[in-house]
Amino acid sequence: MSIQLNLKSVAPFIREHEIDQMQSQVSRAHDLLVTGTGAGSAFLGWRTLPDDYDRAEFDRILAAASRIQKTCDILIVIGIGGSYLGARAVIDFLRSPLYNNLKKDTPDIYYAGNCISSASLTDLLSICEGRDVCLNVISKSGTTTEPAVAFRIFRNYLEKKYGKEEAASRIYVTTDRKRGTLKQFSDKAGYETFVVPDDVGGRFSVLSAVGLLPIAVSGIDIRGLMEGAADAAKAYASDDLRRNDAYRYAAVRNILYRKGKTTEILVNYEPYATMLSEWWKQLFGESEGKDGKGIFPASVTFTTDLHSMGQFIQDGSRNLFETVICIRRPGTAAYRIPADPMNVDGLSFLDGKDLDEVRDTAMQGTRLAHTDGGVPNILIEMSGRDAHALGELLYFFEIAVAISGYLLGVNPFDQPGVEAYKNNMYALLGKPGYEDRKKALEARLD
């Protein structure tokens, strides 16, 4: 496996027998998951997705990606939450957060429909001027406000630029297999459609067409991604805590939670992993944060955030633990720090050192300091930065949060709290059928 769990820096806070004592609870959670008898069992399709996916649709994804690469300068991915975070995380991680600025033979990729901002949309429309554009609209229903508004705007833009017929050939829709407003509209308009699986929730959907189409457009090996996830599914099939690192991670974080460590900070040391942290925050926050329970997911990118959040982590409230992602062989060429005979900065002791060596030393020093400061550190080590390894990591987190949610006693696969703000927004904007709620809310706002 490319993924290894290292608990050495947790040892001062958790004894081995405490982990062993979690075995019976983990085994019960495992049984709920594999038998489909736990809460949210209608949304377990992600478990077998790396092996049991639609091969014909996978080939259509590759063909569509090839067409987009040949006909477009820009692909705009329209979606919110799990509809875009997974794809963006993978593209940033395996290509670069500066992907659009790289010299490459694949289209630039921009994201829309993930906020309500006229400034953001205006800027993106400006970027599109004079360039060929395609859309990938991702929404199961087609009625979620943010992506629906963005789709209206960019569909209108494409139809004015190309005419309805050519615009239709540039619009790719990932939505429900049979039902929903967007599916019906897409079939009528002649858009090519891909499937959001019925049994896969949005935050678990990165390995479906939801994530795979934009990832493939960027030139990433999506077969390698799926193969890595498939290998992880096999590796994490046992409920034995001494053999299953994903379950062991779930158990340790629950032990820490019961000891008052209610905030988990995902730490990375590379800007290309920042969006991976955003994907992880949705996965864990939306899966666990309910019924008055849950570990609050936060994230930092070191060493950058050591100069902003480092003080709090070192000396602030002791309700924190960190999970650190370490990529051992990132696949980049060594960059040696040049010598300065004048030693103006006083850093001559770094002359000739590889920059990644300095980064790794900073990681070691930080882990020691934070552990000494009362912050447990879980270390997740990746042997490399490639599609296969990232596929393993994505599945590692998905199955870990499923087990962790059952250990917490919540349904890891629903998100009832998300609807509250939507209903209030619909009422205040005057959506038909929300008149009584609108009056009640306006009275409160007054």
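What's counted below: heavy atoms across the whole structure, side chains too, no hydrogens, waters or symmetry copies. This structure is a prediction, so every number in the text was calculated from the model and none was measured.
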Point to revise | Polar contact flag, side-chain donor to acceptor under 3.5 angstrom, His388-Asp221 | key: no
Practice item. For atom NZ of Lys293, decide whether the heavy atoms of other residues, nucleotides or ligands shown that lie under 6.0 angstrom number more than 12. Key: yes
Check your understanding: Is Glu278 salt-bridged to Arg88, going by a charged N under 4.0 Å from an acidic O?
Key -> no
Practice item. Please name the residue in the list Ser287, Pro412, Pro197 that meets the side chain to side chain contact (heavy atoms under 4.5 Å, CB included) test with Phe204. Key: Ser287
Exercise for review: Would you please say whether a donor-acceptor pair under 3.5 Å links the side chains of Asn244 and Ser238?
Suggested key: no
Point to revise | Under the side chain to side chain contact (heavy atoms under 4.5 Å, CB included) test, residues paired with Asp20 that sit two or more places apart | key: Glu16, Arg242
**Study point:** CZ (Arg243) with more than 12 external heavy atoms under 6.0 Å
**Key:** no
Check your understanding: Taking the side chain from Glu57 and the backbone from Val195, do they hold a donor-acceptor pair closer than 3.5 Å?
Key -> yes
Check your understanding: Can you tell me if CZ on Arg55 sees more than 12 non-hydrogen neighbours from other groups inside 6.0 Å?
Key -> yes
**Study point:** Salt-bridge contact Asp73-Arg170 (side-chain N to carboxylate O under 4.0 Å)
**Key:** no
Study note, to complete from the structure: Residues Ala112 and Ile76: closest non-hydrogen pair is CB-CG2, 3.9 Å
**Study point:** Asp360/Arg328 salt bridge by N-O under 4.0 Å criterion
**Key:** no
Exercise for review: Determine whether the side chains of Arg359 and Thr303 contain a donor N or O and an acceptor N or O closer than 3.5 Å.
Suggested key: no
Exercise for review: In plain terms, say whether Asp51 and Lys234 are close enough for a salt bridge, that is, a side-chain N and a carboxylate O under 4.0 Å apart.
Suggested key: yes
Practice item. Just jot down the disulfide bond (SG atoms under 2.5 Å apart) partners of Cys128, sequence neighbours excluded, or say none. Key: none
